[in-house]
Amino acid sequence: MKVTISVIKADIGGYVGHSGMHPALIAEGEKRLAEAKDKGIIVDYHVTSVGDDLQLIMTHTRGTDNSEVHGLAWEVFKAGADIAKEIGLYGAGQDILSEAFSGNVKGMGPGVAEMEIEERPSEPVIIFMADKTSPGAWNLPLFKIFADPFNTAGLVIDPKLHPGFIFKVLELKKGRVVDLKCPDEMYDLLSLIGAVENFVVKEVKRYDGVIAAVASVQRLSLIAGRYVGKDDPVMIVRAQSGFPAVGEVLEPFSLAHMVAGWMRGSHWGPLMPVSVREANCTRFDGPPRVIALGFQLKNGKLVGPRDLFDDPAFDLTRRRAQEIADYIRRMGPFEPQRLGMEEMEYTTLPAVLKKLEERFKEEE
Ligand code: F6R
Ligand code: MG
Ligand code: MG
């Protein structure tokens, strides 16, 4: 059976500030997706949140980029934004960048990750959702999951994984993509995706062309041409029997690697894996957080979720993330706590430079 998994998310209002989600928005999402399920537009759904982002996880048989499914998400976000305005949530309607819907939410504010798959008899999938960071946050974990034998034992041990994976990399500022095969082109891949704010992994396929992972790659700042929040990305990863095991997919997140985002989208900070209950961005509007929900798919039905980071196995990582946060925070407005000049989204630098223009003199 062919099934499409669509994860569509948006920040349509925060509670309190940009820290978390109001239950009224979850309730609205659940109500509207239940109606859509009854009407047969979608097969199944799960609504959740990470930080101030509302997450709609949907399954259906309509393929990717389907206007009815995108239209449904758009209606949920618009209705949610109205509720957010009514009860006075913060930044109500933030990610609704346009009023006119033209069949697809891409480029309109919300983030999207979708894949159409031939469902296996048992189909474990993991949905990762992050707040206070950007799509480049997935580069390191995706590399480790699908190309690093020190992370994924199956790349060495399992004949089904041994031939490797193909990474589709998007150059954000030019809007062009390139496919790179691992392990053959590993060094070329790393030379690109190490630059996380310029190159992002859009999808990963197995050597035989079967889809393994997809990530949302929208950059709000590039869409809107001004700062409208970080993009708070999502991704879908398939696991087991011919793909990395659930534990191999989760393993890279034990690092708490540094990602761009955090306060005002302008700082480097550790990505802290947390349970849904702990997905509230507090300290310095963070630190950036990631949740992982695991589902078994059966005839498109989402059996789950299992809250995969709700586990003491990640306690040490959370502690490390807090230590890193504590350390790097002490650097305040100095790089590398603050992002480099090119990536500063809220920068006052042009205004400061303009003001001081007359006073700058040639060095003697
Ligand atoms: C970062 C984020 C927050 C806000 C910050 C200031 O992605 O959402 O850190 O940038 O709280 O928000 P405003 O400018 O809305 O007061
Ligand atoms: Mg917000
Ligand atoms: Mg957010």
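Note that ligands are numbered from 1 as they come in the structure, with each ligand's atoms numbered from 1 the same way.
Restricting Asp52 to its N/O/S atoms, the shortest distance to the Mg ion (ligand 2) is reached by OD2. When distances from the Mg ion (ligand 2) to the N, O or S atoms of His18 are compared, ND1 comes out shortest. As for Asp232, its N/O/S atom nearest the Mg ion (ligand 3) is the one called OD2. With respect to the Mg ion (ligand 3), Asp131 has OD1 as its nearest N, O or S atom.
Side chain to side chain, Gln94 and Asp11 meet the donor-acceptor criterion of an N or O pair below 3.5 Å. His70 and Glu75 share no side-chain donor-acceptor pair at under 3.5 Å.
Closest approach of Val69 to Ser6, counting heavy atoms only: CG1-OG, 4.1 Å.
Not one N, O or S atom of Asp11 sits under 2.8 Å from the Mg ion (ligand 3). Among the atoms of Asp53, none of the N, O or S atoms falls under 2.8 Å from the Mg ion (ligand 2).
Ligand 1 is approached by Trp262 to a heavy-atom distance shorter than 4.0 Å.
The shortest N or O to N or O distance between Asp52 and ligand 1 is not below 3.5 Å.
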As a quick check of understanding, evaluate ring-ring contact (aromatic ring centres under 6.0 Å, His included) for Phe128 and Phe253, giving each step before the final call. CA-CA 11 Å; Phe128 291 93; Phe253 294 91; 4.7 Å; yes

Test ring-ring contact (aromatic ring centres under 6.0 Å, His included) on His267 and Phe284 and set out the steps. CA-CA 10 Å; His267 296 82; Phe284 200 52; 5.0 Å; yes

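The local environment of OH in Tyr15 is sparse, with at most 12 non-hydrogen atoms from other residues, nucleotides or ligands closer than 6.0 Å.
With a heavy-atom cut-off of 4.0 Å, Met263 touches ligand 1 through backbone and side chain alike.
When each atom of ligand 1 is checked for a heavy atom of Tyr90 under 4.0 Å away, the hits are 13 (P), 15 (O), 16 (O). Which parts of ligand 1 touch Gly265 is read off a 4.0 Å heavy-atom cut-off, strictly below it: atoms 1 (C).
In this structure a side-chain-to-backbone donor-acceptor pair under 3.5 Å is missing from Ser67 to Gly103.
Note: Glu203 CD to Ile236 CD1 = 11.5 Å, rounded to the nearest 0.5 Å.
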